[in-house]
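Quick notes on the structure that follows.
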Amino acid sequence: MQQLVLDIGLGTSPSLANFFGGPNAAALQHVQQAVVDTGRPLQTYLWGGPATGKTHMLRAVREAYRVQAARVGWMDPSVYEPPEFDDTWAAVLLDDVHLYNPAQQHMAFKWFVNAQTCSCWVLGAGDVPPADLQLREDLRTRLGGGNVFALQLLSEAELRTVLAQEAQARGVHLSAEVVDYLLRRFSRDLGSLMQLLEHLDRYALQTQRAITIPLVKSMLETI
């Protein structure tokens, strides 16, 4: 059965607190420490396939710095005209580097050079290891020149654990049957599942009903 991906637009902001470590606990611990440690390594690279949490991690780091009233440089493939490096940035965040066009690669390299000059942390993410990136050589080698972490997908058991914990935190009950239905019918990307659960929680409150399979089907009819 084809799994559905819903764009319901109600997800909470990614944070390091709501990133479930699981098989990626070492990467999470490294990033958490780097955000607060001025003696951190100057570069970190995360790689993995879709739904492994790379973008969540980078957005969570951006949010952590925002809470500290600190600014960061952010680039992803949708940033067609990235700005020049700003030496007030606390960090440089480079998402989906494997998709950068030549102009973005050029600016990412310039950011890297300036970041190293002012001891600014660079956190990059892509879908393959640094050695396999189809990028200009000077950028590719810099991305792989620091700490490198391979992010793994969560197992079904881990997804069930996360869903149960989040539901409990919201004060709602998810039966095993509902969890089975969600995992069969929807994308197993953790971010998408968290958004789905939030939407279900709100819909259940609005309709004064428990979260059941009929409620899930009813909610889908309203989207």
Side-chain angles (χ1 to χ4, degrees), residues 1-32 45-63 76-78 95-99 125-129 132 149-223:
M1 181 180 294
Q2 183 178 7
Q3 291 182 322
L4 303 177
V5 179
L6 297 184
D7 182 13
I8 55 182
L10 289 174
T12 55
S13 297
S15 73
L16 294 175
N18 64 28
F19 186 95
F20 181 79
N24 305 312
L28 176 60
Q29 183 178 12
H30 169 85
V31 168
Q32 288 174 322
Y45 179 74
L46 311 174
W47 70 272
T52 51
K54 304 183 300 297
T55 296
H56 181 127
M57 186 85 79
L58 266 67
R59 289 178 176 172
V61 168
R62 181 172 62 180
E63 176 64 13
D76 61 51
S78 71
D95 196 22
D96 285 335
V97 296
H98 57 285
L99 298 176
D127 67 349
V128 295
D132 297 333
F149 295 90
L151 300 188
Q152 307 295 323
L153 287 169
L154 299 185
S155 67
E156 180 169 318
E158 288 165 336
L159 286 173
R160 289 176 179 275
T161 296
V162 177
L163 283 171
Q165 290 176 346
E166 181 67 14
Q168 183 177 21
R170 292 175 176 275
V172 300
H173 173 68
L174 282 185
S175 69
E177 291 78 12
V178 169
V179 173
D180 289 341
Y181 185 80
L182 298 181
L183 293 179
R184 286 198 311 269
R185 292 280 298 174
F186 301 96
S187 168
R188 295 192 178 198
D189 166 48
L190 185 57
S192 297
L193 287 172
M194 291 298 99
Q195 290 185 27
L196 176 60
L197 180 57
E198 179 171 350
H199 197 61
L200 283 170
D201 186 18
R202 294 189 183 186
Y203 188 72
L205 286 173
Q206 291 171 358
T207 58
Q208 295 295 298
R209 296 165 59 190
I211 297 180
T212 61
I213 292 175
L215 178 121
V216 177
K217 292 178 178 179
S218 174
M219 183 197 73
L220 293 176
E221 294 174 355
T222 70
I223 296 176

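What you see is a predicted model; the values in this text were computed from it and never measured.
- Contact annotation: the side chain of Met57 approaches that of Leu28 to within less than 4.5 Å [non-hydrogen atoms, C-beta and beyond].
- For the atom pair Leu193 CG and Glu166 CD, the distance stands at 11.0 Å (nearest 0.5 Å).
- Rounding to the nearest 0.5 Å gives a distance of 8.0 Å between CG of Leu220 and NE2 of His199.
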With a 3.5 Å cut-off and sequence neighbours excluded, list the donor-acceptor pairs that the side chains of residues 47-54 form with protein atoms.
residue : atom : partner : partner atom : Å
Thr52   : OG1  : Gly49   : O            : 2.7
Lys54   : NZ   : Gly48   : O            : 2.8
Lys54   : NZ   : Gly49   : O            : 3.0

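- Between Ser187 atom OG and Leu182 atom CG the span is 11.5 Å, to the nearest 0.5 Å.
- Take Arg59 and apply the salt bridge (charged side-chain N to carboxylate O under 4.0 Å, His left out) test, not counting sequence neighbours, and it matches no residue.
- Put simply, the side chain of Arg62 does not reach to within 4.5 Å of the side chain of Asp95, judged on heavy atoms.
- We find that Lys217 and Glu221 are not joined by a salt bridge, their nearest charged nitrogen and carboxylate oxygen being 4.0 Å or further apart.
- Val216 has its side chain out of reach of Thr212: every pair of non-hydrogen atoms, C-beta onward, lies at least 4.5 Å apart.
- Expressed to the nearest 0.5 Å, how far CG of Leu99 lies from CG of Asp127 amounts to 7.0 Å.
- Side-chain atoms of Ser218 do not come within 3.5 Å of backbone N or O of Pro214 as any donor-acceptor pair.
- Closest approach of Met194 and Leu163 over heavy atoms only: CE-CD2, 3.7 Å.
- Atom CD of Gln29 has 12 or fewer heavy atoms from other residues, nucleotides or ligands within 6.0 Å.
- Ion pairing of Asp180 with Arg160 is present here, as a side-chain N (NZ or NE/NH1/NH2) and a carboxylate O approach within less than 4.0 Å.
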I would like to know whether Glu158 and Thr161 meet side chain to side chain donor-acceptor pair (under 3.5 Å); could you show each step before the answer? CA-CA 5 Å; Glu158 288 165 336; Thr161 296; over 6 Å; no
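- Side-chain atoms of Arg170 and Glu198, non-hydrogen and from C-beta on, do get closer than 4.5 Å to each other.
- Taking 4.5 Å as the limit, every side-chain heavy atom of Tyr45 sits out of range of all side-chain heavy atoms of Pro129.
- Across all non-hydrogen atoms, the minimal contact from Met219 to Leu196 is CE-CD1, 3.7 Å.
- Using a 4.5 Å heavy-atom threshold, the side chains of Pro23 and Leu154 count as touching.
- Atom CG of residue Asn24 and atom CG of residue Leu46 lie 9.0 Å apart, to the nearest 0.5 angstrom.
- For Phe149, the ring pair (Phe, Tyr, Trp, His ring centres under 6.0 Å) partners two or more places apart in sequence, or in a different chain, are His30.
- Considering CG of Leu197 and CZ of Arg202, their distance stands at 11.5 Å, rounded to 0.5 Å.
- In terms of heavy-atom proximity, Ala60 sits nearest to Ser15 at CB-C, 3.3 Å.
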